[in-house]
Amino acid sequence: MTRQRDIDVPEPFDLAATLESGQVFRWRRVDSGWYVGTVGQQPVMLRQVEEGLSYRCEGGAEEAVRRALHDFLRLEDDLRAIYREVGDDPRVAEAIGRYPGLRLLRQEPWECLVSFVCSSVSNIPRISRTLEAVTRRYGKPMDLAGHTLYAFPAPEELARVGEGELRGLGLGFRARYVDAIAPAQATGIVDLAALRRASYEEAKAQLMSLPGVGEKVADCVLVFSLDKLEGFPVDRWIRRCLKEWYFQGGTISDAALLSWAQARWGWYAGYVQQYLFHDRRLAGAGTPKT
DNA sequence: GGTGCACCTGTTAC
DNA sequence: AGTAACAGGTGCA
C-alpha cells in the first residue's frame with residue numbers, strides 16, 4: 001500500500017533543478033510534477049508543493065524514508081548562507097539567480113561511482129539510458145504506485161556480469177572500467193563508506209587508484225556522495241567558462257584551475273561548480289572543444 | 001609535468 | 001545520404 005506524506009524543506013528549494021542538473025541519472029519525471037527514483041534501496045516518489053515536499057513510499061517505510069530524504073537532499077545545507085559566501089562573484093551570482101534552490105545531493109557512493117565512470121566522453125541522455133539498461137538487467141525490480149523501478153545492482157552482482165555483456169548494454173569502452181571496479185568493491189579493496197570519514201586528499205587518492213577514475217570523476221564522487229564539498233570537478237564546460245571568465249581565455253591546466261577554484265571558494269567549491277555547470281549547460285553557450 | 005592519441009557509440013551538424 | 005565532429009575523461013606512450 002502506497003502512503004503519502006509531507007516534509008518540511010528549507011528555502012530556497014527547487015526539486016526539478018536538483019534532480020535534473022546532471023548529478024543523478026535515474027530519477028524520472030512521471031505525472032503532475034511527481035518524480036520517481038530510489039533513496040537508499042527504497043522506491044520513492046517526490047513532488048514539490050507550496051508548503052514543501054510531498055513524498056510517496058511503501059506503507060510502513062514512512063519514517064525511514066523521511067530520514068533518508070533528509071540525508072539525500074542534504075537538507076542541513078543552508079543555501080542562503082552559501083549564497084552569501086559565494087554570491088559576491090558576479091558569474092556565480094548570475095547562476096544562483098537563475099536556479100535558486102538547486103541543491104547538491106548526497107548519493108549512494110557505489111551508484112555514484114559507477115555513474116560517473118560511465119559519464120566520460122558521454123552525455124546526460126546517454127548516461128541515463130545505459131545506467132537504466134544496467135539496472136533493468138541486473139537490479140532487483142520494485143513497484144511503487146504502478147511505476148516499476150530497479151535497485152542499483154551491488155558490486156558483487158556487477159562483478160559477475162563480465163565486460164562483454166556490459167558493452168552490450170551500451171557502456172562502450174567504459175565497460176572495462178566497471179568490470180574492473182566491481183570486483184575491487186566486492187572484495188573491499190576500496191571501502192567507499194569509510195572514505196566519507198577520510199580527508200579529501202586521502203579519499204581522492206583511493207578513488208583515483210581505480211581504473212577509469214581520474215581527477216574529474218573522483219571529484220564528482222567526492223562532492224556528490226562522500227561529503228567532500230571542496231571537490232571541484234573540472235569538465236569541458238567548467239574548463240571553458242573558467243578560462244573565459246577569469247583567465248581571459250588563456251592557457252591554464254586543469255590542475256591549476258582546480259587549485260584556483262578551491263582557493264577561491266573553499267568548502268563551497270562543489271556548490272559553485274554545480275551552479276556553473278548547470279547554468280552553462282542549459283545556456284548552451286557554445287560547444288566546448290578542449 | 002606536458003602532449004598526443006586511442007577508446008565505444010549515439011546525436012547532431014554540415 | 002554519407003561523413004565528421006562532438007560528448008560531465010582516462011590511460012598510456
Side-chain angles (χ1 to χ4, degrees), chain A residues 17-27 95 99 102 104-105 107 109 111-134 161-182 184 190 204-226 228-229 231-244 247 250-261 269-290:
Chain A
T18 299
L19 294 178
E20 296 180 16
S21 59
Q23 303 180 63
V24 286
F25 303 96
R26 298 202 305 126
W27 280 82
Y99 311 101
L102 167 58
L104 288 178
L105 294 167
Q107 303 177 223
E111 175 167 357
C112 186
L113 172 62
V114 175
S115 299
F116 283 94
V117 164
C118 290
S119 76
S120 81
V121 210
S122 189
N123 52 72
I124 293 179
R126 184 183 173 191
I127 300 164
S128 298
R129 204 165 47 244
T130 56
L131 289 173
E132 190 59 31
V134 169
V161 171
E163 179 186 339
E165 216 167 318
L166 291 171
R167 277 180 182 262
L169 293 175
L171 272 78
F173 63 82
R174 307 156 196 87
R176 184 162 53 87
Y177 300 143
V178 174
D179 184 55
I181 289 173
V190 171
K204 187 166 186 174
Q206 292 219 30
L207 287 173
M208 287 179 64
S209 73
L210 298 168
V213 182
E215 291 258 3
K216 192 271 174 185
V217 169
D219 269 358
C220 285
V221 177
L222 290 163
V223 173
F224 299 143
S225 75
L226 294 175
K228 311 301 181 212
L229 300 202
F232 188 85
V234 177
D235 68 4
R236 296 166 191 255
W237 298 96
I238 290 297
R239 184 182 301 127
R240 183 181 171 102
C241 73
L242 256 50
K243 282 184 182 176
E244 181 184 310
F247 298 93
T251 305
I252 179 170
S253 71
D254 288 354
L257 288 174
L258 172 58
S259 321
W260 177 85
Y271 261 103
V272 170
Q273 190 275 353
Q274 194 56 26
Y275 276 89
L276 293 181
F277 171 77
H278 187 57
D279 190 39
R280 190 70 180 198
R281 196 172 71 83
L282 290 193
T287 305
K289 61 168 184 279
T290 51

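In what follows, chains carry the letters A, B, and so on, assigned in the order in which the sequence lines appear, proteins first and then strands, with residues in each chain numbered from 1.
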Write down the distance between [atom1] ([X]) and [atom2] ([N]), rounded to a whole number of angstrom.
{"X": "Lys216(A)", "N": "dA7(C)", "atom1": "NZ", "atom2": "P", "answer": "13 Å"}
{"X": "Glu215(A)", "N": "dG1(B)", "atom1": "CD", "atom2": "P", "answer": "12 Å"}
{"X": "Ile127(A)", "N": "dG9(C)", "atom1": "CD1", "atom2": "C1'", "answer": "11 Å"}
{"X": "Ile124(A)", "N": "dG8(C)", "atom1": "CD1", "atom2": "C1'", "answer": "7 Å"}
{"X": "Gln273(A)", "N": "dG8(C)", "atom1": "CD", "atom2": "C1'", "answer": "8 Å"}
{"X": "Phe173(A)", "N": "dT10(C)", "atom1": "CZ", "atom2": "P", "answer": "10 Å"}
{"X": "Tyr275(A)", "N": "dG8(C)", "atom1": "OH", "atom2": "P", "answer": "21 Å"}
{"X": "Leu169(A)", "N": "dC8(B)", "atom1": "CG", "atom2": "P", "answer": "16 Å"}

Let me check something: any side-chain donor-acceptor pairs from residues 206-218 of chain A under 3.5 Å, sequence neighbours excluded? List them with distances.
| from | atom 1 | to | atom 2 | distance (Å) |
| --- | --- | --- | --- | --- |
| Gln206(A) | NE2 | Glu202(A) | OE2 | 2.9 |
| Ser209(A) | OG | Gln206(A) | O | 2.6 |
| Glu215(A) | OE1 | Lys204(A) | NZ | 2.7 |

Polar pairs (N or O, both sides) under 3.5 Å between protein and nucleotides 9-13 of chain B?
| from | atom 1 | to | atom 2 | distance (Å) |
| --- | --- | --- | --- | --- |
| dT9(B) | O4' | Arg126(A) | NH2 | 3.1 |
| dT9(B) | O2 | Arg126(A) | NH1 | 3.1 |
| dG10(B) | O3' | Arg129(A) | NH2 | 3.4 |

Margin query: Considering every strand and a 4.0 Å limit on heavy-atom distances, what is the contact class for Val217(A): base, sugar-phosphate, or nothing?
Written below: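 Contact class for Val217(A): sugar-phosphate only.
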Note to self: Taking any heavy-atom pair under 4.0 Å as a contact, classify Gln23(A): base, sugar-phosphate, or nothing.
What the structure shows: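 Here Gln23(A) touches the bases of the nucleic acid.
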Item checked: Derivation of the side-chain contact (heavy atoms from CB on, under 4.5 Å) call for Asp254(A) and Leu257(A) -> CA-CA 5 Å; Asp254(A) 288 354; Leu257(A) 288 174; 4.3 Å; yes
Check: For Asn123(A), which residues count as a side chain to side chain donor-acceptor pair (under 3.5 Å) partner, sequence neighbours excluded?
Finding: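 Expected list: none.
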Note to self: Do Val117(A) and Val178(A) have side chains that approach each other closer than 4.5 Å (heavy atoms only, starting at C-beta)?
What the structure shows: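 They are in side-chain contact.
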Checklist line | By side chain to side chain contact (heavy atoms under 4.5 Å, CB included) - contacts of Ala175(A) (at least two apart) | finding: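 Ala175(A): side chain to side chain contact (heavy atoms under 4.5 Å, CB included) contacts with Glu163(A), Leu166(A), Arg167(A), Leu171(A).
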Note to self: Could you work out, with side chain to side chain contact (heavy atoms under 4.5 Å, CB included) as the rule, every residue matching Ala255(A), not counting sequence neighbours?
What the structure shows: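 For Ala255(A) the side chain to side chain contact (heavy atoms under 4.5 Å, CB included) partners, ignoring immediate neighbours, are Ser253(A).
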Next item on the list: Would you please determine if the base of dG8(C) is stacked by Phe277(A), with stacking meaning a centroid separation under 5.5 angstrom and planes under 30 degrees?
Entry: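 Stacking between Phe277(A) and dG8(C): present.
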With rounding to whole Å, what would you report as the distance between [N] and [M] at their [atom1] atoms?
{"N": "dA4(C)", "M": "dA6(B)", "atom1": "P", "value": "14 Å"}
{"N": "dT12(B)", "M": "dG8(C)", "atom1": "P", "value": "12 Å"}
{"N": "dG1(B)", "M": "dC12(C)", "atom1": "C1'", "value": "15 Å"}

Next item on the list: Keeping to residues at least two apart or across chains, list the salt bridge (Lys or Arg N to Asp or Glu O under 4.0 Å) pairs with something in residues 17-26 of chain A.
Entry: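 Qualifying pairs, neighbours excluded: Glu20(A)-Arg29(A), Arg26(A)-Glu111(A).
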Next item on the list: With sequence neighbours excluded, give me every salt bridge (Lys or Arg N to Asp or Glu O under 4.0 Å) pair touching residues 172-181 of chain A.
Entry: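 Matches after skipping sequence neighbours: none remain.
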Ring pair (Phe, Tyr, Trp, His ring centres under 6.0 Å) involving [X] - partner list, sequence neighbours excluded:
{"X": "Phe173(A)", "answer": "none"}
{"X": "Tyr177(A)", "answer": "none"}
{"X": "Phe116(A)", "answer": "Phe25(A), Phe224(A)"}

Checklist line | Selection from dG8(C), dC8(B), dG2(B) that lies nearest to any side-chain heavy atom of Ser253(A) | finding: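 Per side-chain heavy atoms of Ser253(A), the pick is dG2(B).
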Check: dA7(C) phosphate, OP1 or OP2: any side-chain N/O from Arg236(A) under 4.0 angstrom?
Finding: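 For Arg236(A), the contact criterion (side-chain N or O under 4.0 Å from OP1 or OP2 of dA7(C)) is met.
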Can you give me the N/O atom pairs linking the protein to nucleotides 11-13 of chain C at distances under 3.5 Å, or say none if there are none?
| from | atom 1 | to | atom 2 | distance (Å) |
| --- | --- | --- | --- | --- |
| dG11(C) | OP1 | Gly212(A) | N | 2.9 |

Margin query: Can you give me the dot-bracket string for DNA chain C, 5' to 3', counting Watson-Crick and G-U wobble pairs with both distances under 3.5 Å, using [ ] for crossing pairs and | for partners on another strand?
Written below: .||||||.|||||
Checklist line | Nearest heavy atoms of Tyr275(A) and Tyr99(A), plus distance in Å | finding: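 Smallest heavy-atom distance, with atoms named: CE2-O, 3.3 Å.
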